[in-house]
Amino acid sequence: MVALPAGQEIRARLHARRQTKAGWQYQVGFLIWQDTADGGVEPVEHRAWVSPTQARPVPGTSYDHVPTHRASQTGSTAPRTGQQAWTVQHLPHRPGHPGATLIHVVGCTPSAQTLDRDQALTALHQPRAAACRECGAAGSLTDHKESPDQEAQTPTVPG
């Protein structure tokens with residue numbers, strides 16, 4: 001359950017949790033309406049990282065499957081178990097905004113396909129590709145994106 005700024009409480013999906021120097025944060029997603037190009041509306045998921053005061057567990061629900069990133073000795077976050085994996089989000093072309101590709105750490109954005117490091121780096125090298133800065137994909141992959149003689153190029157991602 002997530003508390004909204006105006007005091008309402010809604011049911012949300014927990015996608016990930018991470019420990020930071022300031023404490024725990026929870027990435028939640030909930031459906032909202034979005035305008036479509038043809039004048040209609042469609043449901044889309046909005047995701048945000050919230051604090052424990054803004055989110056509370058639903059009684060009787062297991063959260064064992066949720067990716068958990070604990071702070072390491074150096075202060076960075078790392079997955080609780082297993083090897084790190086990534087996903088690809090394809091942002092479609094819209095009038096005035098060319099399409100783009102975002103690479104995410106698993107759990108940030110729903111995807112049917114999981115990538116290993118080599119696959120994620122290959123996807124990141126494609127034109128109009130960028131690593132998500134919200135979920136830590138930027139930190140986990142951008143250090144490896146450029147060779148020493150290559151300048152960093154961050155594409156403008158449509159909003």
Side-chain angles (χ1 to χ4, degrees), residues 1-2 4 10-37 42-52 54-55 57 61-72 74-94 96-147 150-159:
M1 299 300 291
V2 174
L4 297 178
I10 60 171
R11 189 177 199 123
R13 180 176 178 205
L14 178 63
H15 290 282
R17 46 193 165 189
R18 67 183 176 194
Q19 186 180 29
T20 67
K21 290 180 183 180
W24 284 94
Q25 294 180 327
Y26 304 95
Q27 186 184 44
V28 296
F30 52 90
L31 294 178
I32 59 173
W33 293 108
Q34 172 180 286
D35 296 331
T36 61
E42 65 183 0
V44 295
E45 184 180 43
H46 172 76
R47 289 194 185 192
W49 287 96
V50 298
S51 72
Q54 299 159 320
T61 303
S62 171
Y63 298 100
D64 293 341
H65 66 284
V66 176
T68 301
H69 306 273
R70 296 188 183 279
S72 69
T74 61
S76 65
T77 57
R80 175 183 58 175
T81 58
Q83 228 177 4
Q84 193 165 17
W86 295 264
T87 61
V88 175
Q89 177 186 15
H90 298 285
L91 302 174
H93 173 80
R94 300 181 317 189
H97 296 283
T101 300
L102 285 178
I103 310 302
H104 299 275
V105 171
V106 164
C108 181
T109 299
S111 178
Q113 181 183 13
T114 302
L115 308 175
D116 64 22
R117 176 177 292 282
D118 290 338
Q119 293 168 321
L121 287 170
T122 298
L124 189 58
H125 280 89
Q126 300 305 309
R128 303 218 32 83
C132 176
R133 294 179 183 165
E134 294 294 319
C135 66
S140 65
L141 290 172
T142 54
D143 292 341
H144 304 282
K145 180 179 178 181
E146 306 144 55
S147 61
Q150 184 180 24
E151 282 189 29
Q153 294 181 351
T154 303
T156 303
V157 178

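Throughout, numbering of the chain's residues begins at 1 and tracks the sequence.
Taking NE2 of His15 as the start and CD of Glu45 as the end, the distance is 3.5 Å to the nearest 0.5 Å. Of the inter-residue distances, the one linking Gln89 atom CD with Thr101 atom OG1 reads 9.0 Å to the nearest 0.5 angstrom. Here the OG1-CZ distance, from Thr68 to Arg18, works out to 12.5 Å after rounding to the nearest 0.5 Å. Taking CD1 of Ile103 as the start and OG1 of Thr122 as the end, the distance is 9.5 Å to the nearest 0.5 Å. Here Gln126 contributes atom CD and Leu121 contributes atom CG; the two are 11.5 Å apart, rounded to the nearest 0.5 Å.
Annotation for Arg17 and Tyr26: closest pair CB-CD2, 3.6 Å, computed over non-hydrogen atoms. Looking at every heavy atom in both residues, Ala55 comes nearest to Val50 through CB-CG2, 3.7 Å. The shortest heavy-atom contact between Ala12 and Val2 is CB-CG2, 3.6 Å.
Evaluation of the side-chain contact (heavy atoms from CB on, under 4.5 Å) rule for Thr61 yields Arg11, Val58, Tyr63 as partners, not counting sequence neighbours.
Using a 4.5 Å heavy-atom threshold, the side chains of Val88 and Trp86 count as separate.
Formation of a donor-acceptor pair under 3.5 Å by the Gln54 side chain with backbone atoms of Ser51 is found in this model.
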